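Only a predicted model underlies this, so the values are computations on that prediction, with no experimental measurement involved. The residues of the chain are indexed from 1 along the displayed sequence.
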Amino acid sequence: MFDVCIIGGGIAGLMLAHSLSSSLSIAVLTKEDSFSSNTALAQGGVAASIGPGDHPTSHATDTLFASAGHADAERVKLLTTEGLAIIESLLSRGLPFDANQAGLPLLGQEAAHSTKRILHAGGDQTGKMFLQYFLAVTEDHVKRLPYSSVLELVLRDGQCVGVCIEDDQGNRSIIQAHHIVLATGGIGQLYSQTSNSSVATGDGLSLAFHAGAVLEDLEFVQFHPTVLTLNGESHGLISEAVRGEGAWLVNADGQRIMTGVHPLMELAPRDIVARAIEWHWQQKGPVFLDARPIQQFKSKFPSIFTNCHNLHINPEQELIPVRPGAHFHMGGVQTDEWGATTVPRLYAIGEVASTGVHGANRLASNSLLEGLVFAKRLASKLLSTGFNFKEKEIQLAEVTKEFALPVNLQVRMTKQVGILREIDKLQKFNADFPLRLFDLQHYSSQHIKHIHRYTACSLIAKAALLRDESRGAHYRSDTPDTSAQWTGKTVELSLTGHTFGERLLQQKETVS
């Protein structure tokens, strides 16, 4: 029995553990080891208005502009204002960062930011170094349970009271806690092309769905424009910071492909860049990143350089083949401003949550910031709520059912629910993989893991079919324009079906 059970050990889960009282009993469950999360792969950095002349208002304006008119203005204000205070506090307490000669943070530029405000650590190893920091500061007051796969959320009397897990020996057990927190990360591995960790399979979406929670904005999947791609296979992310330092997107003849597409060229919003690259791949051929103009590439981007070198590419002398890959999920489990879901005692933070701050298209480097801000807010919520749950008697059920995962599901997701969506392909996918409820406790552990992948795919495809417009990262060829009728409307999915919610929008000038 724990006070708080956190499912996921990335930056959101660990920031929550760090922000809670050390007197509490806290369990942190990870599907693999502590460095298997997407946080460990985060290259670009974290955005915060800590530079001279910068301000949370400017950061909020950029965030709202990139969101394609779909972000919640009040939540964005929380993100940028509280985010600045959190980053300043963490830096004063030893959070690692790259500094200039004066010892001040060395800030980088990324797409759709109006100024340099991206803080890095170790060049392109920000996520890994942040993770090391949080692992160290939570070491003494957290019970880590690695190689623990969460199979099901346990409900009693309409409340989430625990989780059913499988350990590294294949044994099932029940963990109960006063509060259960989903911090399971993203969904990239649902697609055949992705920048994500192998554990990013959308489990949190399926867990929440089967528990009866409302999910929203699932159609908004951000594809990172530049995933190193060889022979049709993804081989790691090429950070947007590389384009921020001056790299160009070119065809095989060295001609820039963003000319005439957007005035910001390579630094246009990610959805525009990703669609341009994917369209070029499908219509004209491969796309490359020309990073040769960047001085000291190896020292600025050590992990990218090493990855390229291992694939026999010298980025200082050769073009890097790139193609978009599933990168970040703007949607997720619907939460309030404190991280609470629609199921009592169940919370969600980080990428699995839909907080409303990203809208239809996440602004670069706002993801780590979101994890930090809403984890800290949730810690305050839990401490004020208290810990008054009484342990229940829960029995494990007998395994009696089977489920087979379609072998081509990832490829079908990429082709039919990917960057360029068409109504007939979406309809076909939804017909072949309809959204359904499974009685999880009666399936084997491996089959449950397959069910979670299937359910996450079906949820995203269902939402993509329902939103018959194009907005941000969601592009429909049959309805290529953004519709005023859809402005401020969210697609909400739950066990009861689908509804259309409302999002708080303001003109960007009013955010201050």
Side-chain angles (χ1 to χ4, degrees), residues 38 41 66-68 70-71 184-197 200-206 208-209 215-227 234 237 240 269-279 323-334 350-364 366-367 370 409-423 425-426 429-430 433 435 452-477 482 486 490-493:
N38 275 347
L41 301 179
S67 77
H70 195 65
T184 53
I187 51 87
Q189 289 296 334
L190 301 180
Y191 292 85
S192 57
Q193 305 288 336
T194 182
S195 64
N196 282 193
S197 161
T201 54
D203 296 7
L205 302 183
S206 179
F209 174 77
L215 299 95
E216 68 178 5
D217 282 349
L218 300 180
E219 65 272 30
F220 296 117
V221 179
Q222 187 175 75
F223 289 79
H224 196 287
T226 51
V227 175
S234 301
L237 182 69
E240 195 165 278
R270 282 181 173 175
D271 61 311
I272 295 173
V273 179
R275 283 199 296 272
I277 297 173
E278 184 64 22
W279 180 88
R323 190 169 187 172
H327 184 59
F328 187 84
H329 199 196
M330 276 72 74
V333 185
Q334 185 186 84
E351 191 172 349
V352 71
S354 177
T355 61
V357 299
H358 303 305
N361 189 45
R362 174 177 66 91
L363 181 66
N366 268 355
S367 54
E370 178 197 24
L409 189 58
Q410 284 177 298
V411 173
R412 291 279 299 273
M413 280 292 286
T414 297
K415 290 183 176 180
Q416 297 175 313
V417 198
I419 304 175
L420 305 173
R421 297 169 176 171
E422 302 173 9
I423 187 170
K425 292 181 179 179
L426 288 172
F429 190 97
N430 277 273
F433 310 112
L435 184 59
H452 287 326
R453 292 182 74 111
Y454 173 97
T455 303
C457 291
S458 298
L459 284 163
I460 294 169
K462 178 73 171 177
L465 182 61
L466 288 169
R467 182 176 286 274
D468 56 353
E469 67 156 353
S470 293
R471 184 181 296 270
H474 171 66
Y475 183 81
R476 288 266 298 261
S477 62
T482 299
W486 273 103
T490 58
V491 176
E492 300 177 351
L493 298 177

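Residues E351 and F328 form a side-chain contact, since some pair of their non-hydrogen atoms from C-beta on lies under 4.5 Å apart. Residues L237 and H327 are in side-chain contact: their nearest non-hydrogen atoms beyond the backbone lie under 4.5 Å apart. The closest side-chain heavy-atom distance from T414 to Q410 is not below 4.5 Å.
With hydrogens and angles disregarded, no donor-acceptor distance shorter than 3.5 Å links the side chain of S67 to the backbone of A360. Judged by distance alone, with hydrogens and angles left aside, the side-chain atoms of Q189 form a donor-acceptor pair with the main-chain N or O of N196 at under 3.5 Å. Here the side chain of S458 pairs a donor or acceptor atom with the backbone of F433 at under 3.5 angstrom. Of the possible polar contacts, one joining the H474 side chain to the R467 backbone as a donor-acceptor pair under 3.5 Å is found. In this structure a side-chain-to-backbone donor-acceptor pair under 3.5 Å is missing from T184 to D203.
Nearest heavy atoms, A71 versus V357: CB-O, 3.9 Å. Between I460 and L218 the shortest heavy-atom distance is CG2-O, 3.6 Å. Residues H70 and R471 approach most closely at CB-CD, 4.1 Å, considering heavy atoms. The heavy-atom pair separating R476 from L465 by the smallest distance is NH1-O, 3.2 Å. Across all their heavy atoms, F223 and P324 have their closest contact at CB-CB, 4.3 Å.
The CG atom of L41 lies 5.5 Å from the OG atom of S197; values are rounded to the nearest 0.5 Å.
In summary, the side chains of N361 and Q222 do present a donor paired with an acceptor at a separation below 3.5 Å, with no hydrogens or angles considered.
Aromatic ring centres of H358 and F220 lie farther apart than the 6.0 Å criterion allows.
For the pair E278 and R323, the salt-bridge criterion is met [side-chain N within less than 4.0 Å of a carboxylate O].
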